There are 2 protein chains.
Amino acid sequence: MDLVEMNYADFTKMILTLKTDIYHQTVQENRNIIHVNKEQTIIKNLEKIFDATLEISNEKGFQAMSMRDLAKGAGLSSGGLYAYFPGKMDLLTMLQKHGRKMVQEILFKLVKDAPDHVSKLRIALKTHLYLSEFMQPWFYFSYMEAKNLSEPERHNAIESELTTEKLFAAIVSQGQDAGLFEPRDPQLTAAIIKAILQDWYLKRWKFSRRNISVDQYANFIVEFVEAFLDVHGTETIRLKN
Amino acid sequence: MDLVEMNYADFTKMILTLKTDIYHQTVQENRNIIHVNKEQTIIKNLEKIFDATLEISNEKGFQAMSMRDLAKGAGLSSGGLYAYFPGKMDLLTMLQKHGRKMVQEILFKLVKDAPDHVSKLRIALKTHLYLSEFMQPWFYFSYMEAKNLSEPERHNAIESELTTEKLFAAIVSQGQDAGLFEPRDPQLTAAIIKAILQDWYLKRWKFSRRNISVDQYANFIVEFVEAFLDVHGTETIRLKN
DNA sequence: GTCTATACACAGATAGAC
DNA sequence: GTCTATCTGTGTATAGAC
C-alpha cells in the first residue's frame, strides 16, 4: 500500500487490526481495576461504554452525562458499570489515555517508514486528518473535556499534543536541511498545520454544511502546506484530484 | 488614531466606552426579566456575575458551576442572584448574547471606515485578534459551552460565527477584484484565517509557554496572510516590528 | 457478571425576613 | 435589593440478590 497516495477508505481498512491491538493494551493497563475476568467480555463492554460516553458527552458534556444515561447507552445497568471502572473520573482518564495511545501509535507507525521528507510530510498530514475523522468523537471529546482531567493527566494530554506538533516541526526542519522546503519557521509552520487540522474536527458542522469530504480536505491541506513550503515536486509524487 | 498601525494597548483604550454602551444595551434587552430597578446597580452586579461565571466555568465547566459557587464568586447570595435572571440557563444565554453583540459591533465598526482593501484586511485581522485577547474568557467560554445552548440560541451562535468568516471572505474577494490580492479561494482563505485566529484563544497555554505576546502574534498573522495573498505593499503601509 | 434497591450528598430554585 | 433558610429532585456510588 502506497501511503502517500492513500485515501480515507484505504486508511480505515489499514488500521482496523491496530485498533484491536490497542484495546488489548488498554485492558492490560487497567487489569487491576476491572472486576471482570473474561478478556473478551471486557473488550466488548468497554467498547460499548467508550462509544456511549463519547456520544452522550459530546452532546451535553461529560459532567452532564449521568451514570444512568451511560448505563442505558452502553446496554448495562447503572450498578454494573462499576465493574469496569471505580468512578466516573476514572472512566474519563481511561478513555483519554486509550485515545491518545491510538493516535500516537498509528501516527508514528505510518510516518516512520516514509522514504523521503516530502512523503513524510504528506503522510503525516493525511494520517492526522484521517485519524481525526475516524476518531472524530474522541478528538472532540478530548479537547472539550480536558479541563475535567486531574492535574497529572492534563499534563499528559498537553505533552501528547506538543509531541504531535513537534513531529510536524521536525519533518519541516529536516526537509529544509535537505533543501526541499523553503526556510519558514518550523515551529510556527507546525502551529499553523495543527490549527488547520484542528478545524476539521472542531468545526465539523461547517464542512458538512458545505459538503466538503475528508478526502477533499486532505488534498486541500496538502496543497496548501506544500505551496507554503514551496515543495519541489518529483515525478513520482503527484496529488490525487 | 491610525487603526492599521494600532497595537493591543491602543485597542484596549479605544474600546472602553464601547464596552459600557453594550452593557447598557444588554440591560435594556433584559429589562423585563431583571427584578432590580436602578440601572447602575444592575450593570455593576451583572458585570460581577458575568466575570465570575466566565472564571468558574472556564475552570470546571458551566454545568459543574453551582449557583453557590457563582454567588460566592460574584459577591452576592445564592438567592440574590435570581433577581438578575430567571434560571441558570438564562444566564448562559444572556452572557453569550452579550459577548456576540460586543464582538460584532466592534469588529464591524472598526473595519467599516478603512480607506482601502489592504487596510481593511489588516484592521479586521488585528481587531479580531485583539478582541479575542480582551475578551479571552468569553471566547473560550462561548466555544466550550455552545452545546448547552437551546436550539435557537445555538443557531444564532453559528450564524454569528459564519458572519465573521464571511467578513474576511468579502474583504479578500473585494481586494482581488481591485487587483490587490492573488486569486486564492476567498472562502477557504477565510477558513484558514479563522482557524489561525482561533488558535490564539483556544490554545492559549501554548503561546504563553512560548512567551509570544499578542502583538507578536498579530504581526505574525498579518505577515502570513499578506504573504499568502501576495499583497503588494504601498509606501504608507508598513508593518511594525 | 450483572441486576435492583437504596444511601447520602448536593444541585437549582423559592419564600419570606430585613 | 439582598439575605437566610429550606423544599424537592437528581446525582454518584454501594450492597447484596441472582
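Bear in mind the structure is a predicted one, so any value in this text is a computation, not a measurement. Lettering of chains follows the sequences in order, A, B, ..., and the numbering in each one begins at 1.
When each of D:dA13, C:dT2, C:dG12 is scored by its nearest atom to the side-chain atoms of A:Tyr84, the top-ranked nucleotide is C:dT2. Among D:dT4, C:dT2, D:dT14, the nucleotide with an atom closest to any side-chain atom of B:Ser77 is D:dT4. Taking the side chain of B:Thr41 as heavy atoms from C-beta on, and the options D:dT12, C:dA11, D:dT2, the nearest nucleotide is D:dT2. Listed candidates were D:dT4, C:dC3, C:dG12. Nearest to the side chain of B:Met67 is C:dG12. You'll find that the side chain of B:Lys38 is closest to D:dG1, out of D:dG1, C:dG1, D:dT14.
Using modelled atom types and a 3.5 Å distance limit, the side chains of B:Asp90 and B:Tyr84 yield no donor-acceptor pair. When only modelled atom types and interatomic distance are considered, A:Lys203 and B:Gln198 share a side-chain donor-acceptor pair under 3.5 Å. With no hydrogens or angles considered, a side-chain donor-acceptor pair links B:Ser142 and B:Gln96 at under 3.5 Å.
Taking atom NZ on B:Lys88 and atom P on D:dT10, their separation rounds to 15 Å, with Å as the unit. Rounded to whole angstrom, the span from the NZ atom of B:Lys72 across to the P atom of C:dG12 amounts to 14 Å. Taking atom CG of residue A:Leu70 and atom P of nucleotide D:dG11, one finds them 13 Å apart after rounding to whole Å. D:dT4 atom C1' lies 14 Å from atom CG of B:Leu76, rounded to whole Å. Nucleotide C:dG16 holds its C1' atom 17 Å from the OH atom of B:Tyr82, rounded to whole Å. At whole-Å resolution of the value, NZ in B:Lys48 and P in D:dG1 are 14 Å apart. Rounded to an integer number of Å, the gap from CD of B:Gln63 to P of C:dC10 is 17 Å. A straight line from NE2 of A:His35 to P of D:dG16 spans 16 Å, rounded to a whole angstrom.
When each of A:Gly80 and B:Ser78 is assigned the nucleotide of DNA chain C with its nearest heavy atom, A:Gly80 is the one assigned upstream, toward the 5' end.
A:Met65 comes within contact range of the sugar-phosphate backbone alone, with a heavy-atom separation under 4.0 Å but no base atom that close.
When the side-chain nitrogen and oxygen atoms of B:Arg68 are compared with OP1 and OP2 of C:dC10, none of them lie within a distance under 4.0 Å. For A:Asn45, no side-chain nitrogen or oxygen approaches OP1 or OP2 of C:dG1 to under 4.0 Å.
A:Glu105 and A:Arg100 are not joined by a salt bridge, as no carboxylate oxygen comes within less than 4.0 angstrom of a charged side-chain nitrogen.
If you look at A:Tyr8 and A:Tyr130, their ring centroids are closer than 6.0 Å.
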